[in-house]
Asks: 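Quick one: this structure, given as structure tokens, is what I'll be asking you about.
Note that ligands are numbered from 1 as they come in the structure, with each ligand's atoms numbered from 1 the same way. The model shown is predicted, which means the values in this text are computed figures rather than measured ones.
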Amino acid sequence: MINLTRRSVLAGAAATGTVAFSPNFTSPAHAAAPAAGKQATGIYRYKVGNFECTSINDGTYLVPYFDGFARGVSKDRIVAAMEAAYYPQGHFVFPFNPQLINTGGKLVLIDTGMGPTGGPQRNPNVGKLTEGLSLAGIDPKAIDTVIVSHIHFDHFMGLKTADDKSAFPNAEIKVPSIEWAFWMNDENRAKVPDMVKGWFDLARKSFAGLDAQLTKYDGGQEVAPGITSIHTPGHTPGHMSFAVASGSARVLIQSDLTSIPDLFLRNPDWQLLFDMDPVQAVQTRRKFLDMAAAEKAPVIGYHFHFPAMGYVEKDGTGYRLVPGPWMPVR
Ligand SMILES: [Zn+2]
């Protein structure tokens, strides 16, 4: 029978050398610590077969509610979905989660966050990738391959340092060929609204000077050992997702297929404002989520809440995301 008394616990701790607290419970009042006033940078390790992967939180945007985020969906329905997810009142919550994959032979980074200056809005709550890599013990110079899922600024601005140098100077930077052809085309830029013209310009600025590192890829290719690209168009023409496989283990990584899950995974038929071909985006989203639900494979979402891993289940006409348990690395 186990009989735990305070004395036996303390004696056991002392015997194993793990006394980490003072037994003096009557010590005088503690001084208050100053509030940190900012969130910690998150890293979370998970295994895929022999691969050790790390989910890195680049930070989170709180975006005040605006109309039209889901095209044609009433404000009441959108606000109800936000409230069901316990968002702070009147705000969307947008996390950004690049993924680092250590295959044993290669270090691969999928997407790069907003960059050290905090993206186009210089938001101090994002741009934490470099700090996250440091917490993970990874020197950016050691990264072999950077894979960009699609050419939207929250995925590529981290390619540059604050002084506009290559953030990953020894890496091959892989960009979807369809994306490159679209976003580097002046005629396409001329046709879009001013806000989206700004996105074209951010792409040109972030990729400038990186030509020697740049290569293109298509869907259905092994873009790095054990990592296969999956063409998932709709959000953008060349938007890519990934299957990461080692041994019999497989994880699906998607960037903007659902955007924030509380809205577009729950309601897969809602058309995201930023989906360039919204009808195709809905079809792609359902196809991918059906595959994930059937496989019961862990799904990583760039815009899921950290650590950005969960399991997709069918739920009525939509899906629900069951967060994966926080696990030790095995
Ligand atoms: Zn995104």
Side-chain angles (χ1 to χ4, degrees), residues 42 55-63 66 68-71 85 87 91-100 109-115 117-121 123 125-129 132 146-160 173-176 178-180 182-183 192 195-196 198-203 205-207 229-242 252-265 268 270-278 280-282 284-285 288-289 299-310 321:
S55 188
I56 301 174
N57 184 246
D58 188 60
T60 299
Y61 265 179
L62 283 186
V63 180
F66 56 93
F69 185 41
R71 289 185 177 107
Y87 286 6
H91 288 80
F92 298 111
V93 182
F94 270 99
F96 307 95
N97 299 290
Q99 301 297 309
L100 178 74
L109 181 68
I110 300 181
D111 286 339
T112 66
M114 292 279 194
T117 53
Q121 295 162 342
N123 185 315
N125 296 321
V126 296
K128 311 296 183 193
L129 173 65
V146 178
I147 303 171
V148 177
S149 66
H150 66 296
I151 301 188
H152 272 171
F153 62 83
D154 50 321
H155 300 262
F156 65 66
M157 283 188 79
L159 287 169
K160 286 283 184 68
I173 299 169
K174 298 188 134 184
V175 180
I178 300 172
E179 288 290 282
W180 189 262
F182 180 83
W183 292 96
V192 295
M195 181 180 77
V196 185
W199 300 356
F200 276 80
D201 298 342
L202 287 169
K205 187 172 183 321
S206 284
F207 285 101
S229 55
I230 306 168
H231 186 207
T232 45
H235 179 65
T236 60
H239 180 269
M240 295 286 175
S241 303
F242 305 94
L252 300 170
I253 297 183
Q254 60 100 356
S255 291
D256 280 26
L257 201 96
T258 61
S259 182
I260 44 180
D262 315 299
L263 271 62
F264 298 96
L265 187 141
W270 286 8
Q271 296 182 351
L272 170 68
L273 175 64
F274 306 125
D275 285 344
M276 295 176 65
D277 183 336
Q280 187 178 43
V282 166
T284 299
R285 184 180 301 142
F288 186 94
L289 294 176
V299 178
I300 307 290
Y302 190 75
H303 296 296
F304 289 0
H305 305 295
F306 186 75
M309 175 191 280
L321 184 66

Asks: Cut-off 3.5 Å, side chains only: do Tyr87 and Asp262 have a donor facing an acceptor?
Replies: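 A pair is found: one side chain offers a donor N or O, the other an acceptor, under 3.5 Å apart.
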Asks: I need the OD2(Asp256)-the Zn ion (ligand 1)-OD2(Asp154) angle, rounded to 10 degrees.
Replies: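 For OD2 of Asp256 and OD2 of Asp154, the angle centred on the Zn ion (ligand 1) reads 150°.
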Asks: Tell me whether the Zn ion (ligand 1) has His150 as a neighbour, meaning an N, O or S atom of it below 2.8 Å.
Replies: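 Checking the Zn ion (ligand 1) against His150, no N, O or S atom falls under 2.8 Å.
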Asks: Before you tell me yes or no, could you show the steps for Asn97 and Ser55 under side-chain hydrogen bond (donor to acceptor under 3.5 Å, both in side chains), namely the whole-Å CA-CA distance, both residues' side-chain angles and the distance that decides it to 0.1 Å?
Replies: CA-CA 6 Å; Asn97 299 290; Ser55 188; 4.6 Å; no
Asks: State which residue, out of Phe274, Phe156, Phe182, fulfils the ring pair (Phe, Tyr, Trp, His ring centres under 6.0 Å) condition with Trp199.
Replies: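 So the option named by the test is Phe274.
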Asks: May I ask you to check whether His152 brings an N, O or S atom to under 2.8 Å from the Zn ion (ligand 1)?
Replies: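 Within the cut-off used here (under 2.8 Å), His152 places no N, O or S atom near the Zn ion (ligand 1).
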Asks: Are Val148 and Glu179 side-chain neighbours, meaning at least one heavy-atom pair lies under 4.5 Å?
Replies: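 The answer is no, as the side chains (C-beta and beyond) never meet within the 4.5 Å cut-off.
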Asks: Quick one: angle His155 NE2 - the Zn ion (ligand 1) - His303 NE2, to the nearest 10°?
Replies: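 Value returned, to the nearest 10°, is 110°.
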